[in-house]
Protein chains: 2
Amino acid sequence: MQKTDSLQKRAFPPREIDATDRKILGELARDASVSFARLGEAVGLSAPAVHERVKRLKAQGVIRGTVAHLDGARLGKPLLAFVHVTTKGWGKTRALMSLADLPEVEEIHSATGDTCLIIKVRVASSLALEGLLSRIYDLPEVRATQTYVALSTHLERSPQAEVTQALEEAETLR
Amino acid sequence: MQKTDSLQKRAFPPREIDATDRKILGELARDASVSFARLGEAVGLSAPAVHERVKRLKAQGVIRGTVAHLDGARLGKPLLAFVHVTTKGWGKTRALMSLADLPEVEEIHSATGDTCLIIKVRVASSLALEGLLSRIYDLPEVRATQTYVALSTHLERSPQAEVTQALEEAETLR
DNA sequence: CGTGAAATCGTGGGCGC
DNA sequence: GCGCCCACGATTTCACG
């Protein structure tokens with residue numbers, strides 16, 4: 001890790017994400033409204049020091065932004081569903097991507113398996129879900145869809161900073 | 001809706017979420033790091049006024065919290081997958097819910113369809129994914145799983161405040 | 001990375017509509 | 001009831017050692 005040359009000569013040096021960074025990220029992923037002072041004493045640093053790290057992590061793109069986590073049900077969208085879309089040919093067309101313009105659509109992933117696209121949607125009612133599905137079906141490249149309605153949500157959070165090391169090990173004895 | 005009596009006599013009155021609230025929520029869902037002053041001029045209100053509304057929305061639970069949105073790939077977890085779990089009997093057992101302790105697990109939903117549980121996971125490698133699946137299979141109530149690996153993500157955001165009214169209407173002519 | 005200072009912001013009370 | 005003005009305390013954020 002001595003060679004800081006070559007690529008990645010952006011505004012910030014190619015510094016590694018160390019344990020302190022991960023602790024900071026862990027806190028911010030759960031609650032980004034803490035002050036830098038409190039964050040500092042949580043990780044054993046002064047406020048300006050954490051501030052500089054956070055600024056660097058933002059510039060590096062590790063922190064993509066800080067957002068308010070809203071409650072879909074209380075906003076009038078109590079129905080959460082995952083829609084699997086099977087397309088003709090390769091499904092990554094502009095028309096399908098334009099579904100992102102709808103505020104009901106929260107995620108769009110290209111996926112393996114017999115489905116090409118996985119879309120996470122949150123809507124006001126089963127009627128609204130039907131309306132959304134009809135829009136999807138209107139697209140010419142859509143061959144079929146399969147919808148899984150979430151009956152209850154037990155966990156829903158943003159990406160966590162921690163990694164479970166044990167998952168990478170000792171898979172040989174199954 | 002004149003009757004403000006009975007239950008819901010919490011610290012905050014059962015005020016409706018009006019258009020201004022939705023504008024505020026829309027801003028905060030995209031970027032919660034704006035100052036109240038800027039938020040105020042975005043929605044045509046003074047800083048203390050927005051502050052009070054935000055306080056109310058938090059107390060009502062509409063704003064569940066403000067969190068940092070981290071980039072999974074840059075954190076060493078480039079592999080996103082959805083695992084559908086079919087269980088014996090009703091799958092909502094304590095053992096399955098304890099998967100929430102793993103930082104790799106981001107969402108757990110009970111779902112309709114031929115699957116009982118939908119789990120969203122983000123892991124470091126295919127080996128780690130295998131390790132996670134093996135943990136799931138170790139649970140006695142698990143009958144089968146089906147995994148969809150996300151090849152690329154085109155959209156991933158938190159619940160939005162806006163609602164598309166058109167989705168609720170005129171579904172009769174299909 | 002810590003210290004100190006300056007600018008900005010959050011936040012409660014009081015008034016007016 | 002609801003929002004604006006004002007003021008104080010806390011926080012962010014900069015320059016320096």
Short N-O contact, A/R157 and B/E106, less than 4.0 angstrom: no
Electrostatic pair A/E16-A/R56, nearest N-O below 4.0 angstrom: no
Distance in angstrom units between A/K58 NZ and D/dT12 C1', rounded: 11 Å
N-O pairing of B/R122 and B/E156 below 4.0 Å: yes
Lys/Arg-Asp/Glu bridge criterion (N-O < 4.0 Å) met for B/D18, B/R53: yes
Sub-4.5 Å side-chain heavy-atom contact between B/E107 and A/L155: no
Stem segments of DNA chain C by first residue number [Watson-Crick or G-U, under 3.5 Å, at least 3]: C:1-9 with D:9-17, C:11-17 with D:1-7
Interatomic distance, B/D21 CG vs D/dC2 P [rounded to whole Å]: 10 Å
Sub-4.5 Å side-chain heavy-atom contact between B/K58 and B/R64: no
Interatomic distance where CD belongs to A/E52 and C1' belongs to C/dT3 [whole Å]: 14 Å
Distance in angstrom units between B/L45 CG and D/dC2 C1', rounded: 9 Å
Candidate pair B/H109 and A/Y148, rule ring-ring contact (aromatic ring centres under 6.0 Å, His included), full reasoning: CA-CA 10 Å; B/H109 311 275; A/Y148 302 93; over 10 Å; no
Integer angstrom distance from the C1' of C/dC15 to that of D/dG9: 22 Å
Heavy-atom side-chain proximity of B/H84 to B/T145 below 4.5 angstrom: no
Under 4.0 Å protein heavy-atom contact, by nucleotide of nucleotides 9-17 of chain C - B base, S sugar-phosphate only: SSSB-----
Side-chain N,O (B/R53) to OP1/OP2 (D/dC2) below 4.0 Å: no
